[in-house]
Amino acid sequence: MDRTETTYGPQAAAPATSVTSTSPAESEAEPTSTPRRSARWARLCLGGLLLATAWLYLWGLDVSGWANAYYSAAAQAGAENWTALFYGSSDAANSITVDKTPAALWLMALSVRLFGLNSWAVLLPQALCGVAAVAVLYATVRRWYGPAAGLIAGAVLAVTPVATLMFRFNNPDALLVLLLVGAAYATVRAIETAATRWLVLAGVLVGLGFLTKMLQAFLVVPVLAGVYLLAAPTGLGRRIRQTLLAGLAVVLSAGWWVAIVELVPASARPYVGGSQTNSVLELTLGYNGLGRITGREVGSVGQSGGGRFGDGTGLLRMFDDRVGGQIAWLLPAALILLVVGLLMAGRAPRTDRTRAGLLLWGGWLLVTGAIFSFMSGIFHEYYTVALAPAVGALVGIGVTLLWRVRAAPRGAVWRRLPYAATAVLAGTLAVTVGWSWLLLGRSPDWYPWLRTTILVGGIVAAALLVLSPRLPRSVGAAGVALGAAAALAGPVAYSVHASATAHNGGVPTAGPALAGDVGTRSGGAGDGPGAPGGGQPPGAGQLPQRPDRQPGTAADGRQPGGSGQLGQPVGDGGRGDGGLLGARVPSAQLRELLELDSDRYTWVAATVGANNAAGYQLATGDPVMPVGGFNGTDPSPTVAEFQRYVADGRIHWFIGGGGFRGANGGSSASSEIAAWVAQTFEARTVDGVTIYDLSNGGANA
């Protein structure tokens, strides 16, 4: 262990306690006893934090069943076929990829290969990524600010509701957060000694983040690069050369997979889902990239500007009814402590670590938060998990710095203002509990006593903090404990609720229903119960009958043949997305029919929309072609290609329904295919689902 690992506080200077006089005996005892006791205390606390985090993320992990069936089906495909694993295909027959880069799918597919196809195996990698992210955040903050700051940062990340949600869910965000926190750790190590290898490692981790969720990984790049250029203890020329080398590492670690996909002939690989031209570059810069900011997302789920998934833009978006309960519990505290910390750093030297750390995490929070707040394209509440490490780090750093200043001798700068640090801590706590009271008021029927308890307890704790210099030490310690409990009670309650609640579909949210919500807050409840070990009661996977459904319509309320019209929801949480965000759970009779002679066909069935296909694929274990990709708006396959597959006897059934209306300029190929099937083949209805037998190629239709 090098010296920097046991040196805390700003700029690796002597810690605050070193300015007090000590006797020779005390001086001799400190290097052997006090550091050892502190290290033992830190290890025990870290072990407890990680065990509690693991329990929160792993307990009842399979309650959500397949969670996001779209990615679960891709993991199943990757576990069966190495080509599907590499490209991130939706099905093992490699018709089309998911609309993301595949790094997160690699972990899930390998887990399924190891443990078999079940929801626990699919969700396990995300939970482990969450525990690892807490540990890495602790290690990052601890290096410059001590174990107490690291523990606070890790605890805040662990119990942030959106983090608990996403570390128990199979969207790519869990791995992305781990990689970006790892990049921050590598940057911190690089700044300490101007180490090129650590800065290059940071670039590699960001590049792997791109392979997880594309351009979102790059939001922190200006911050990491800027802080290194400012604070690294070496000359400007070398800092610039090192930063350029790290940039090259980003390009290489992110670009190798993109280069392979672009160079392999389209006929020899699956179609790139989410693009209109079968191109990863188009997907990166358009639908999954700049289009998310500008709202110009060709083929997206709604009108230009993000539709209902892009509303609420503005400075206060992170605090609004939809987003606030996910991430904003300690966001005001983080912002206050960031400003105060920078004021405390003052005109410190260029290489001052206190300021460098605050700029790193503050820049992460402000840049990413600003993009999320003002992006006009598709925005989902769960994206805010990317803010959780920065919030945790700023709270841990700010609280620790103020507490040390409070305990410093009267000669210290801030002690010239009576009780300044204590007053800031108390005021920050009061703001935090007041904000928690408002957030909990958005669900007034959910444990109404909790918000009052938090408010009263927090105010009492703040008062004890203000008076602590005049009170016995034990009373002050009780105030600190009460304040910590009051500040974290709200997010802990939301996180426990998130861990005990099933979340399905493409747009999960943490916490209880808000006042005025219709239905559940997590869409697509129909895709969880079909998963092995899904934790659902028998029969829960059957879709409810809609009172307005007319005889002869498909189970999702669409006309036979699937015109791509948007039906009112079945198991999509009241969002009105039908088969777009929630997978279908076939009945036993329909599943048996789909599995009939399945080994004779490349795809046992085809249907419009990837989520629609995912439900059938997970139920049968056989490839199901998602016509049109995720939204049903990709030109894959074309009408001619689909007709050729049918003529060659490669597709057995076509299942009606699926797709999305108002798709922002995407391809109409899926609607044309559905219309051709409806005109060419005879429709059958099985348990309310319209299907077509394509096995004769249309010769006898």
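Just the heavy atoms: all of them, side chains too, but no hydrogens, waters or symmetry mates, feed the values below.
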Output, in order, the C-alpha distance, side-chain angles, deciding distance and verdict of ring-ring contact (aromatic ring centres under 6.0 Å, His included) for Tyr645 and Trp603.
CA-CA 10 Å; Tyr645 292 144; Trp603 296 277; 5.1 Å; yes
The test is side chain to side chain donor-acceptor pair (under 3.5 Å); show your working for Ser587 and Asp687 and say whether it passes.
CA-CA 7 Å; Ser587 66; Asp687 290 334; 2.2 Å; yes
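Pairing each heavy atom of Val639 with each of Glu672, the nearest pair is CG2-OE1, 3.4 Å. Scanning both residues, Pro623 and Gln617, for their nearest heavy atoms gives CA-OE1, 3.8 Å. Shortest non-hydrogen contact noted between Trp106 and Phe86 is NE1-O, 3.4 Å. Taking every heavy atom of both residues into account, Met214 and Lys100 meet most closely at SD-CA, 4.5 Å. Scanning both residues, Gly632 and Val608, for their nearest heavy atoms gives CA-CG1, 4.1 Å. Residues Thr313 and Ser376 come closest through the heavy atom pair CG2-CA, 4.3 Å.
Under the 4.5 Å side-chain criterion, counting only non-hydrogen atoms from C-beta, Arg269 is in contact with Asn278. Using a 4.5 Å heavy-atom cutoff, the side chains of Ile651 and Tyr601 are not in contact. Within the 4.5 Å cutoff, side-chain heavy atoms of Thr368 are placed close to those of Val220. When side chains are defined from C-beta on, Leu281 counts as touching Glu262, because their heavy atoms get closer than 4.5 Å. Within the 4.5 Å cutoff, the side chain of Phe210 has heavy atoms near those of the Thr284 side chain. When side chains are defined from C-beta on, Tyr70 counts as touching Asp99, because their heavy atoms get closer than 4.5 Å.
Glu641 places no side-chain N or O within 3.5 Å of a backbone atom of Ser636 that could act as its donor or acceptor partner. For the pair Asp693 (side chain) and Ser695 (backbone), a donor-acceptor distance under 3.5 Å is present. Counting only distance, with no hydrogens or angles, the side chain of Ser111 and the backbone of Leu107 share no donor-acceptor pair below 3.5 Å. Without hydrogens or angle criteria, Ser668 side chain to Ser671 main chain gives no donor-acceptor distance under 3.5 Å. In this structure a side-chain-to-backbone donor-acceptor pair under 3.5 Å is present from Trp653 to Leu593. Of the possible donor and acceptor atoms, none in the side chain of Asn171 sits under 3.5 Å from a partner among the backbone N and O of Asp173. Under the 3.5 Å distance criterion, the side-chain polar atoms of Asn94 are matched with a main-chain donor or acceptor of Ala84. Side-chain N or O atoms of Arg168 include one that pairs as donor or acceptor with a backbone N or O of Tyr57 at under 3.5 Å. At distances below 3.5 Å, at least one donor-acceptor pair connects side-chain atoms of Ser253 with backbone N or O atoms of Val250. A donor-acceptor pair is defined here as one N or O able to donate and one able to accept, closer than 3.5 Å; no such pair exists between the side chain of Ser598 and the backbone of Val604.
With rounding to the nearest 0.5 angstrom, the CG atom of Leu180 is 8.5 Å from the CG atom of Leu219. With values rounded to the nearest 0.5 angstrom, Thr638 atom OG1 is found 7.0 Å from Ile673 atom CD1.
Cation-pi check for Arg317 over Phe379 is met; the charged atom lies under 6.0 angstrom from the ring centroid and within 45 degrees of its normal. Relative to the ring axis of Trp82, Arg113 places its NZ or CZ within 45° and under 6.0 Å from the centre.
Within a 6.0 Å radius of CD in Glu592, no more than 12 heavy atoms belonging to other residues, nucleotides or ligands are found.
Proximity of the aromatic rings of Phe681 and Trp676 is defined here by a centroid distance below 6.0 angstrom, and this criterion is met.
When only modelled atom types and interatomic distance are considered, Asn170 and Ser72 share a side-chain donor-acceptor pair under 3.5 Å.
Looking at residues two or more places apart in sequence or on another chain, you find no ring-ring contact (aromatic ring centres under 6.0 Å, His included) involving Phe169. In terms of the ring-ring contact (aromatic ring centres under 6.0 Å, His included) criterion, Tyr271 has no residue partners (sequence neighbours excluded).
Here the options are Met166, Glu381, His380, the test is side chain to side chain contact (heavy atoms under 4.5 Å, CB included), and the partner is Gln326; only Glu381 passes. Of the options Asn611, Asn612, Leu590, Thr607, a side chain to side chain contact (heavy atoms under 4.5 Å, CB included) to Arg584 is made by Asn612 and by none of the others.
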